[in-house]
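Beneath this line is the structure, given in structure tokens, with notes to follow.
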2 protein chains.
Amino acid sequence: MTVKTKGRPRGFDADAALDRAIEVFWRHGYEGASLTDLTDAMGINRPSMYAAYGNKEELFRRAVARYAEHDMAYAREALARPTAYQVIESFLRANVEALTRADRPSGCLSIQGGLAGGSDHGEVARFLAESRLAGERALAARLARAVDEGDLPAGTDPAALARYVMTVSEGNAVHAAAGVDRASLHATVDIALRAVPGRP
Amino acid sequence: MTVKTKGRPRGFDADAALDRAIEVFWRHGYEGASLTDLTDAMGINRPSMYAAYGNKEELFRRAVARYAEHDMAYAREALARPTAYQVIESFLRANVEALTRADRPSGCLSIQGGLAGGSDHGEVARFLAESRLAGERALAARLARAVDEGDLPAGTDPAALARYVMTVSEGNAVHAAAGVDRASLHATVDIALRAVPGRP
DNA sequence: TCATTTCTGTATCGCTCGGTACGGAAAGAA
DNA sequence: TTCTTTCCGTACCGAGCGATACAGAAATGA
């Protein structure tokens with residue numbers, strides 16, 4: 001459904017440009033990514049960026065949203081697995097793959113984007129933390145269902161287990177950003193899974 | 001030993017000033033900490049900072065070195081425990097305490113300082129990654145000794161186990177930076193320890 | 001064709017960044 | 001006291017930052 005509009009049409013693909021912006025933010029973090037870096041990578045000039053996205057922070061939020069939808073689709077797929085153990089294993093394995101894709105920067109945009117409150121008053125860091133927490137809550141809900149179904153031992157704390165899984169995933173992201181290779185991250189997952197109930 | 005020198009003596013305590021700088025870098029990251037933030041917190045003005053430390057990056061390296069020596073002393077103490085399990089538990093527990101001290105920023109300077117390569121070409125991120133890796137190697141060496149001593153099961157990969165422990169610690173640092181409380185981080189450690197051989 | 005609307009490119013804004021030149025102040029040495 | 005050395009404070013540098021004003025180009029609708 002292409003909307004008919006008056007005026008000169010945009011000369012670039014906004015989603016494709018957003019994908020380029022994702023990589024720049026991923027590599028350099030929110031603060032470290034300058035508008036020159038961004039617009040050069042996106043193949044547009046500044047006023048076009050401002051017209052299309054508003055400002056740098058809005059561009060970042062849009063980039064993170066697209067990242068969550070595309071690059072983290074594996075997380076939603078993992079939640080659909082039949083057992084809690086499979087959910088967790090599938091998530092951690094796919095996470096390792098995503099952290100070490102050859103065609104993408106190492107690590108995870110949500111972590112590399114910015115952990116500390118930079119020049120702003122932690123606005124961006126809080127936004128990223130909240131988006132990670134949303135994922136943790138989704139996993140906790142799935143694990144709570146597993147407890148109800150008897151798939152996880154009664155007495156298991158689904159929120160704590162979900163937090164543990166996210167902790168491993170974030171730790172792996174930190175390692176990946178430091179250049180640790182895929183096989184080593186999988187070895188970490190091998191060990192991490194020993195702490196998960198319901199291992200086959 | 002106070003060295004007698006000619007000329008006007010420095011009007012501030014360089015180590016105390018460094019402690020203030022640590023907090024600023026910790027809260028805002030390397031890039032997010034401006035010279036104005038730093039010198040204001042340190043109670044000195046710019047030329048004094050440049051005379052005493054060289055430049056911003058040198059100040060940061062000195063801050064990280066002091067941080068490693070003081071705020072991470074618990075890591076060296078943990079390595080001295082008699083068994084591998086105690087080493088790991090002691091490290092992860094003390095780490096959680098350090099990540100959530102009321103008189104310090106939440107999280108860990110080594111992580112919050114900067115994960116992504118900012119405006120520089122990843123210089124600072126690489127430096128921090130290398131310093132974390134040094135800690136991981138020290139732990140791996142200690143665990144290798146435990147394997148030799150029969151304290152850990154034969155066939156245990158000490159490097160992989162050390163990497164797992166550091167992964168949990170880094171994941172907890174990410175959570176702490178996001179505001180997760182101390183009890184929750186300890187709950188994560190409870191689960192993480194289940195994957196460690198030699199549990200009492 | 002021509003008025004209207006929207007996007008593009010240049011050129012620039014005010015501001016903050018990391019870093020410094022320079023003159024005066026404060027100490028020891030003689 | 002006077003010389004020498006070092007530190008402190010002001011005031012400033014060029015560069016890069018995020019963000020924009022404005023004029024011309026490119027599309028639609030009448």
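Lettering of chains follows the sequences in order, A, B, ..., and the numbering in each one begins at 1.
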Tell me whether the OP1 or OP2 atom of D/dC17 has a side-chain N or O from A/Thr36 closer than 4.0 Å. yes
Side chains of B/Leu18 and B/His70, heavy atoms from C-beta outward: is any pair under 4.5 Å? no
Which residues pass the side chain to side chain contact (heavy atoms under 4.5 Å, CB included) test with A/Ala178, not counting sequence neighbours? B/Ala129, B/Arg132
Which residues in residues 37-54 of chain B have a heavy atom closer than 4.0 Å to any atom of DNA chain C? B/Arg46, B/Pro47, B/Tyr50
Just jot down the side chain to side chain contact (heavy atoms under 4.5 Å, CB included) partners of A/Ser34, sequence neighbours excluded, or say none. A/Thr36, A/Asp37
Starting at atom CZ of B/Arg10, determine the distance to atom P of D/dG9, rounded to an integer number of angstrom. 13 Å
Options D/dG18, C/dT8, C/dA27, nucleotide nearest the side-chain atoms of A/Leu35: D/dG18
Would you list the pairs meeting side-chain hydrogen bond (donor to acceptor under 3.5 Å, both in side chains) in which at least one residue belongs to residues 92-103 of chain A, sequence neighbours left out? A/Tyr74-A/Asn95, A/Arg93-A/His186, A/Arg93-A/Asp190, A/Glu97-A/Arg182, A/Glu97-A/His186, A/Thr100-A/Arg182, A/Arg101-A/Asp103
Overall bend - the helix from C/dT1-D/dA30 to C/dA30-D/dT1, comparing terminal axes fitted on five pairs, nearest 10 degrees: 0°
Not counting sequence neighbours, which residues clear side chain to side chain contact (heavy atoms under 4.5 Å, CB included) with B/Ala116? List them please. A/Gln112
Can you name the residues that form a side chain to side chain contact (heavy atoms under 4.5 Å, CB included) with A/Ala176, not counting sequence neighbours? A/Leu99, A/Leu185
Length of the line joining A/Lys56:NZ and D/dT20:P, which is rounded to integer Å: 14 Å
If the condition is salt bridge (charged side-chain N to carboxylate O under 4.0 Å, His left out), which residues does B/Arg61 pass it with, not counting sequence neighbours? B/Glu57
Expected output is a numbered-order residue list: members of residues 13-26 of chain B with a heavy atom under 4.0 Å from any atom of DNA chain D. What is it? none
Side-chain cluster (under 4.5 Å, hydrophobic types only) that B/Leu133 belongs to, other residues: none
So the side-chain hydrogen bond (donor to acceptor under 3.5 Å, both in side chains) pairs with at least one residue in residues 14-27 of chain A (sequence neighbours excluded) are A/Asp19-A/Arg66, A/Glu23-A/Arg27, A/Glu23-A/Arg104
Scan for side-chain hydrogen bond (donor to acceptor under 3.5 Å, both in side chains) pairs involving residues 165-176 of chain A, sequence neighbours excluded, and state none if there are none. A/Glu170-B/His175, A/His175-B/Glu136, A/His175-B/Glu170
